[in-house]
Every structure is written in C-alpha cells, then in structure tokens.
Amino acid sequence: MLLSDSVQYLKGIGAKRAELFHKLGIFSVQDLLYHLPRGFEDRTNIKDIAELIDGETVCVKGCLVMGVRSFRARNGTRVVQTRLADGSGVMQLTWFNAPYVENTLNDSGAEYIFFGKVSYRGMKAEMVNPIIEKLGTQTSKMGKIVPIYPATAGLQQRSIRDAIIQALDRLSESLPETLPEDFRQKYNLIGIEQAIHDVHMPNDYDDFITARRRLVFEEFLTLQLGVSTAKAVKRREKAIALTDVKCIADFAASLSFELTHAQKRVINEIAADMRKTMPMSRLVQGDVGSGKTIVAAAAMYAAAKNGYQSVMMAPTEILAEQHYKSLKKFFEPWEIKTAYLSGGQKAAEKAENLALIESGEAKIIVGTHAVITDKVNFDNLALTITDEQHRFGVNQRTKLADKGRNSHTLVMTATPIPRTLSLVIYGDLDISVIDELPPGRKPIKTIALTEASRAKLYNFVINEINKGRQVYFVCALVEDSDVVSAKAATDYADKLSKEPLRGKSVGLLHGKMKSFEKEEVMRRFAAGEIDVLVATTVIEVGVDVPNATIIVIENAERFGLSQLHQLRGRVGRGGEQSYCVMFGDTNSGVAKERMKVMCETNDGFKISEKDLEIRGPGEFFGTRQHGLPEMQIGNFFTDMDVLKETQGAAAEILTDDPLLQSVKYSELKKSVQKAFERIGEVLN
Ligand code: ADP
Ligand code: MG
C-alpha cells in the first residue's frame, strides 16, 4: 500500500464510510497516518477497588455481583446499574441512557474490565458511564494508552483507530523525513517513521509522549518558520506617514463622553505609529464593551484629516451595519464622507458606494468582507482596520493585507491571548491593551440555572421588560449547520411568544435570513420596538444595544468559554444592572467548569487563559476563538515549553539557511508551505 492510495483501499472502508473520512480531510493513506490524536486515554492503570481515589480515571477489573438492573429514573432517564467485586472491595457502576450496556454485560460468569472516573458517595466508590470490555477479547484496549482522534458524527473512534492500524501494517513505503538527522539529535527528537507509529500504537506512556513531542515540535517549528517568513516580507514595505496626528484631540473633544485613560493611551500609541513610514502592525486587545470602536474611529479621523482613506472590516453584516451607522454619526459633523459595502446590498447602492471609494470622496469605508473584493479600488488607502480579527478566515485576511499594501494595519479583538503566547505567535506585532471599562458600568451578574428555575426566570424577564429593558435569548448551534440552527431558533421564538412571554414583542435573528431582514430586526431591536430578541450566535460579536440587560443562553454547554464571554458582552453596555443566565447540561466536567468560571469572573483575560487551559480533547473552538491557528496536535497552553524551544530552533535554521534552499531542508520547506496555507490566517 502506498501513501498516495485512497483510504478506500483499506478493509472496512466503503464509499459511505470514506465520505466520513473525507469530512475529516482524510483522502489518502498519508492523510490518515497524519491524522494525529488530540489526546489519549491512559488505560494502563488497573487498580484495586479498595485503593481507588476520588476523582481519578482508572481501570477496575472483576466480576459482577447481584446481576444487572435497569430502570427509568423519575426524570425519564434510563439507568443501568450493577456492582463489581474484585476481592479487595465492591463498587457501584452506573450508566445513563446507554441501552446497549445491558446486552454487553450479559455474561454473569465472565470477568469484565471498566475504565472511567471514580467518584465517592460517602464511603462507596462509583463509576458513571465507564467504558466496558470483557476480559480476554482480542482487540482489547485496556491496559494500553489509547489515542483519541478528532472524529465526526457517524465515525467512531474505533473505526478511525482500526483504519490507522491497518494502514501502518500494510504500508510498503517510508514516510518522508522532514527534520535533518543532526537537527533531530540536537533537539532530542525521534525519526518521523517511529513517531507516526508510536503516536498511533504506543507500547507505553513514554513511547506515546516521545512520539507526540517530536510531532508537536515539528508542528510548532513550521509555524514559527512561517511567521518569520511572513514578517520578513512585511518589513520590506513602506506605508504613508501622517504628518498631523495632533488633530485627534479635536475629535476626542467633540465626543459626548470622556475617553478612558486606557483609550487615550492606546490612541496615542496608534498615532505614534502612523506618523512613521514603517507600516504599523498593531493588535488592540480590549475586553467586550471596553470601547474599541471609538479608538479605531480616532485613528480613521486622523487619516481622513490628512487626506487619506481608511477601511474597517467587520465579520458580520449586523456588526458592519452597526459600525457604519455609528461612524457616520461621528464623521458627519466634520464633513467627512462615509461609504458602506456589504454582500447583501442592492446593485445600484453598491455601485454608488464603489464610485465614492474610487474617487476618493469617501474617506471612511466600512463593510463586511465585501470591502476586499476585486471590484473595490481605493484612491489612497492609509489605514486598514479589522474588527474581531479572530473571526476572519485565511483568504479574507490575506486579501485585506493585499488591498492595504502600503497602509497601516490595526486589528482589534476582544479575546486576548496570554502575553507569553502572543509573543511567540505574533512575534513583533505590537500590542495595545484597553484594560479599563468606561465608567459607570456595573459588573454583569452571571448565574447557571437548572430547569427547575425556568418559570422564575421568565417572571424576572417579564419584570425587566416592564421596566423598559430588553432581552436576548441565544440558542446554541445544534450542528455546524445554519439551516438546523435557524430552525431551532425559529421554533424557540415561536414557543416563547406563545407561552411564557405572551404579549411581549419577540424578534428573531439567524444566519439564514436575508440581509435586509436582519437589518430590519436589528434596527427594531436597537430602537426598542422589540422586547426580546431570539438569536443564534450571529449576535456573538460586537452587537451594541445598551438597553439590553438580560442574556439567556440555552445549551450553554455547547459553547466555548470565550464564546460565552462574548455573548455575555452583549449586555452590561449601559448603566443598568445586567444579567447573564445560562441553562445547560452540566454532566460533562468541562462544561461544568466553564460555567463555573463564567459565574466567578467578568474578566476577559482570566477567561481567555482558562479557556485554553480547560479545553477538553477534540475541542477546537478555544483556539479558533483566540484567533490562533488550529493546530493538529500541539496545544499552545500545555505544550508551551516545546513552543519556546522551537522559537530558538527556528531562529537557528533561518540563520543557517534563510530561504530553506539546501537539500536537507527540502522536506521541511514543503511542510512549512503546507502549514502556511493552513495557518495563514494569523500571519497578516
Ligand atoms: P467593544 O470594545 O466591545 O467593541 P464598543 O466600542 O462597542 O465596545 O463600545 C461599547 C459601548 O461603550 C458603546 O455604546 C460606546 O459608545 C460606549 N463607550 C465607548 N467608550 C466610552 C467612554 N469612554 N465612556 C462612555 N461610553 C463609552
Ligand atoms: Mg466591538
């Protein structure tokens, strides 16, 4: 079997299953072998029941006593229970909603082995939903390190594992080595062949860790090399230097509120950059509600007063439209013209705006990624701003950078990444932090509720509405599909307006609506004509309606921590006390911990660190939410030491051979290019 062969050559993979593999980006045998585990389960630790410690995840082995019983709990959940004895003691095993368990445990004379997390109820040990194996089965995974792979609906861990093991077994050619021998020796890295084998089929824990380290090292190294190359390219360009930046003071003085100290500091940092011909590359981090828009507007004002154009790109139409409205209001008194571009615009309107941009009449340009299409020709662009930069994809960011070849760049985000990490990832990108909220804001009260309190919540909501406030209800993405979540939101809005919130005006907002429909709903909500807005995560970023004081998040367990924090940021934007209420299934430990963190802190920086820390295996959104590239195996938080090591290693390679031209780097160069395509999103 060759690396380039299709996965369909493997036994057990027909056309249907192959499609599931394709969903994971796996087409060839090579893709399959490089489908690296996100984590692993250590099933090597088999313990006596008498020795079990609360909270540990281990294997226990023994015979069932007193049979298996199953019943329906009061809330309707199907429960299966049995007791296990191993000579040292007896423990309880419980499964919820797992009907197959009864069949699996049908051999009363057999010995079984269970893998799961131990909890104590008083003196009695228990495992809930443990994995089961009958002792002596051929393909046993117990007593082993079991890699856990990124999977997709319909494709089990076991199928992925089996396919990989088969491929390793049948492969008749060797894997291309990316790291030269002397380099590997220096950094204590094993060869690729062994690394790939051991990461999938480790003999023991040490093997797995050694193999994984080699692969993480390579992944981070290619990232570092890619970042360095991109920076070198950027440094060669020159930007327009603004001669007058003092004018910003006039703009600040014209506002209806006083800028915070943090806002003033950041504006000064930006102004200092824009006076130079060296292109500014500045990241502005500021928690939700810290007032980033006005900071960006100040920079745009300076550009306009010096006679140049600026463009601000926002990730959603709702947000772009909102920015357009507020920027227009800021700039009208100064007779500075604003243009707006979005995908959903009518042709005539679009043409009109394009003309304003091309002639240079419009100095301030706002829009969605429509601003980076080929049709847009700027007259003299000096500043490009990306709001919520982590929300943009690879191509979009590259394109904006292309449009702004000779301009200064400002990117804004509410989801900071820890300082140590940003240094490694962004290198010499400058960072400004707005670490202060406008005065008079009350911390948002956050609470996780169970179904039992739902009726009370509705009463509370009705009370707030009667006081003149407004409310968001957010439904989770049921699947990664707009259609399904749109339906869920629609049904939910229907239900709310019929029963608990009857008589209140309920609006609906989701990704499948036409742009003019979305605009209309947002306009009505902002104007206070709608009391309750039921929405999917389309409202996640940037939406600013200060009169909204409650956000209710359904299925909060489905959201990442940073995403929950972003959603919460939709309220608490005015002077009134605001509330964030989460409903969610807290059976998963990770979800429970996330909600706990939410209830404990309002601080975006703390949340962001926690987010990276408590990501469960196979959860990508933490990374995506931070605007970090998605890594296949490396974890920016837990593999920080390797990340730092690769920084030195990358520098060394580039000193040796800046363009990676020598033969010994030829495979590495290929993988840098490949990684570059995949991770390009953070490099601009
Ligand atoms: P974010 O940082 O989340 O993008 P926005 O720029 O949307 O925050 O600002 C949030 C709200 O705070 C807006 O309504 C804005 O007008 C207001 N705001 C911004 N700066 C100040 C300030 N210095 N004083 C009072 N209100 C402010
Ligand atoms: Mg914003």
Side-chain angles (χ1 to χ4, degrees), residues 248-249 251-268 270 282-301 312-331 364 366-368 385-392 410-416 431-444 470 472 522 525-528 537-549 551 562-576 578 580 602-605 607-608 625 627:
I248 295 179
F251 178 76
S254 76
L255 297 171
S256 61
F257 48 75
E258 174 87 7
L259 292 170
T260 63
H261 292 292
Q263 284 171 320
K264 285 182 195 160
R265 188 185 65 236
V266 173
I267 290 173
N268 282 334
I270 293 169
R282 191 169 281 281
L283 173 70
V284 174
Q285 296 184 342
D287 209 349
V288 274
S290 62
K292 292 184 289 294
T293 317
I294 200 71
V295 167
M300 295 177 103
Y301 173 85
M312 182 191 282
M313 178 164 85
T316 64
E317 284 198 12
I318 294 167
L319 185 53
E321 168 94 12
Q322 178 187 293
H323 281 333
Y324 170 62
K325 284 196 179 130
S326 48
L327 290 174
K328 199 169 156 195
K329 214 164 64 196
F330 288 139
F331 288 110
I364 308 293
V366 190
T368 59
I385 301 172
T386 315
D387 192 19
E388 311 286 353
Q389 61 106 20
H390 57 280
R391 294 291 305 253
F392 284 96
L410 199 59
V411 291
M412 307 198 290
T413 182
T415 46
I431 298 177
S432 293
V433 184
I434 309 183
D435 49 4
E436 186 183 354
L437 293 179
R441 299 274 172 83
K442 299 190 178 81
I444 300 162
Q470 289 164 285
Y472 296 102
M522 265 330 283
F525 189 63
T537 48
V538 291
I539 59 145
E540 178 186 332
V541 290
V543 168
D544 185 37
V545 179
N547 190 49
T549 54
I551 183 161
S562 292
Q563 209 177 5
L564 287 172
H565 181 62
Q566 281 274 352
L567 285 168
R568 173 167 63 185
R570 295 315 109 221
V571 297
R573 301 176 83 84
E576 302 296 333
S578 292
C580 169
N602 268 304
D603 180 338
F605 280 81
I607 298 237
S608 134
Q625 283 292 315

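Read the numbers this way: they start at 1 and go in the same order the structure lists the ligands and their atoms. Scope of the values below: all heavy atoms of this structure, side chains included, with no hydrogens, waters or symmetry mates.
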Closest protein heavy atom to atom 3 (O) of ligand 1, given as residue, atom name and distance to 0.1 Å: G289 N, 2.6 Å

Per-atom contacts, ligand 1 versus Q263 - under 4.0 Å to a heavy atom: 19 (C), 20 (N), 22 (C), 23 (N)

Residue pair E388 / P315: nearest heavy atoms and the distance that separates them: CB-CG, 3.8 Å

Ion pair check, K264 and E258, cut-off under 4.0 Å: yes

Proximal ligand 1 atoms for V288, defined as those under 4.0 Å from one of its heavy atoms: 3 (O)

Heavy-atom closest pair, residues S578 and A548: OG-O, 4.0 Å

Numbered atoms of ligand 1 (with element) below 4.0 Å of T260, judged on heavy atoms: 23 (N)

Nearest protein heavy atom with distance in Å, relative to atom 13 (C) of ligand 1: D544 OD2, 3.2 Å

Closest non-hydrogen atom pair, D435 against R265: OD1-NH2, 3.5 Å

4.5 Å side-chain heavy-atom contact, V571 and E576: no

Proximal atoms of ligand 1 relative to D287 (non-hydrogen, under 4.0 Å): 2 (O)

Identity and distance of the protein heavy atom lying nearest atom 26 (N) of ligand 1: P438 CB, 3.8 Å

Heavy-atom closest contact (I248 atom, I267 atom, distance): CG2-CG2, 3.7 Å

Residues K325, D544: salt bridge by 4.0 Å N-O rule: no

For atom 6 (O) of ligand 1, closest protein heavy-atom neighbour: T293 OG1, 2.7 Å

Of the listed options R573, E258, R441, closest to atom 17 (C) of ligand 1 (non-hydrogen atoms): R441

Top protein contact for atom 2 (O) of ligand 1, by heavy-atom distance: K292 NZ, 2.8 Å

Minimum-distance protein heavy atom relative to atom 9 (O) of ligand 1: G291 CA, 3.6 Å

pair D287-H565: side-chain heavy atoms closer than 4.5 Å: yes

Side-chain heavy-atom pair R568, N602 within 4.5 angstrom cut-off: yes

Whether Y472 and F525 hold their rings parallel, tilted or perpendicular, with breakpoints at 30° and 60°: tilted

Location of contacts on I434 toward ligand 1, heavy atoms closer than 4.0 Å: neither

Test item, A414 contacting ligand 1 (heavy atom, 4.0 angstrom): no

Proximal ligand 1 atoms for L259, defined as those under 4.0 Å from one of its heavy atoms: 23 (N)

Nitrogen or oxygen atoms of F257 and ligand 1 under 3.5 Å apart: no

